[in-house]
Amino acid sequence: ANTAGASRDSILETDENFLRHVEKDVVIPKMVKAAAKIACLDVVKEFEDCCRGRFISVVWACREQNTALQECIKAHFNEADFERETKIFLAKRKANLERIHVEESKNAAQH
């Protein structure tokens, strides 16, 4: 059974926490991957240094650095990270919607 999907879906049960398909499958994973790259900054730098000045040879010359980078990102690209980024995303969206609502209310009151 796919418990990862079930866990993700449990976060999204209420209307307030509803995520569009693109948010759940593209936006939030992209945020998690960006956070993972920050957590793996040293490994990213090693890979970039190895790649510098190379073209086709990067495939075999930087294999070890690429493997280390993929392992580091994979370690930080997990269900707990997805849930954390989902909560952050939802909180930011909610705050933005509340700000818009307040602004619209002020504008309506002025007219």
Side-chain angles (χ1 to χ4, degrees):
N2 182 0
T3 58
S7 178
R8 288 180 186 181
D9 292 340
S10 66
I11 297 172
L12 313 173
E13 287 176 356
T14 66
D15 287 341
E16 180 179 289
N17 291 340
F18 174 76
L19 290 176
R20 294 177 298 154
H21 173 23
V22 70
E23 292 168 337
K24 186 168 82 168
D25 295 341
V26 178
V27 175
I28 294 172
K30 191 173 184 179
M31 291 168 57
V32 174
K33 193 168 187 177
K37 283 185 178 179
I38 291 169
C40 299
L41 209 50
D42 293 340
V43 183
V44 170
K45 184 175 179 346
E46 288 176 21
F47 180 68
E48 288 173 348
D49 290 346
C50 182
C51 293
R52 195 166 288 116
R54 300 182 194 270
F55 296 101
I56 296 173
S57 67
V58 78
V59 173
W60 60 85
C62 302
R63 183 172 295 165
E64 185 178 312
Q65 291 86 348
N66 184 41
T67 300
L69 177 60
Q70 297 307 315
E71 288 174 0
C72 185
I73 289 174
K74 187 186 226 182
H76 292 90
F77 196 89
N78 57 43
E79 197 61 38
D81 294 318
F82 183 90
E83 288 185 27
R84 181 194 69 240
E85 292 297 328
T86 299
K87 289 175 183 176
I88 291 168
F89 177 83
L90 289 169
K92 286 179 181 179
R93 183 172 68 180
K94 182 178 179 182
N96 189 42
L97 290 173
E98 288 172 354
R99 181 188 54 77
I100 290 169
H101 179 71
V102 167
E103 288 174 6
E104 287 175 349
S105 295
K106 286 179 183 177
N107 288 340
Q110 290 175 355
H111 290 88

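The model shown is predicted, which means the values in this text are computed figures rather than measured ones.
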Original post:
Do Gln65 and Leu69 have side chains that get closer than 4.5 Å, going by heavy atoms?
Top reply: no
Subject >> Smallest separation among heavy atoms of Cys51 and Cys62, with atom names >> reply: N-SG, 3.7 Å
Subject >> Chi angles and distances behind the side-chain contact (heavy atoms from CB on, under 4.5 Å) call for Val102, Arg99 >> reply: CA-CA 5 Å; Val102 167; Arg99 181 188 54 77; 5.8 Å; no
**OP:** Find the distance between CD (Glu23) and OG1 (Thr86) and round it off to the nearest 0.5 Å.
**Re:** 10.0 Å
**OP:** Find the distance between CZ (Arg84) and CD1 (Ile28) and round it off to the nearest 0.5 Å.
**Re:** 11.5 Å
Original post:
About how many Å separate SG of Cys40 and NZ of Lys74, when rounded to the nearest 0.5 Å?
Top reply: 13.0 Å
Subject >> Neighbour count >12 (heavy atoms, 6.0 Å) for atom CD1, Ile100 >> reply: yes
**OP:** Answer yes or no: does atom CD of Glu64 have more than 12 heavy-atom neighbours from other residues, nucleotides or ligands under 6.0 Å?
**Re:** no
Subject >> Salt-bridge present (Asp49, Arg52; N to O < 4.0 Å) >> reply: yes
Subject >> Working for side-chain contact (heavy atoms from CB on, under 4.5 Å), residues Ile73 and Lys37 >> reply: CA-CA 6 Å; Ile73 289 174; Lys37 283 185 178 179; 4.0 Å; yes
Subject >> Greater than 12 external heavy atoms within 6.0 Å of Arg63's CZ >> reply: no
Subject >> Interatomic distance, Phe47 atom CZ to Thr67 atom OG1 [nearest 0.5 angstrom] >> reply: 9.5 Å
Original post:
Going from NZ on Lys45 to CG on Leu41, what distance comes out if it is rounded to the nearest 0.5 angstrom?
Top reply: 9.5 Å
**OP:** Measure the NZ-NZ distance between Lys94 and Lys87 for me, rounded to the nearest 0.5 Å.
**Re:** 13.5 Å
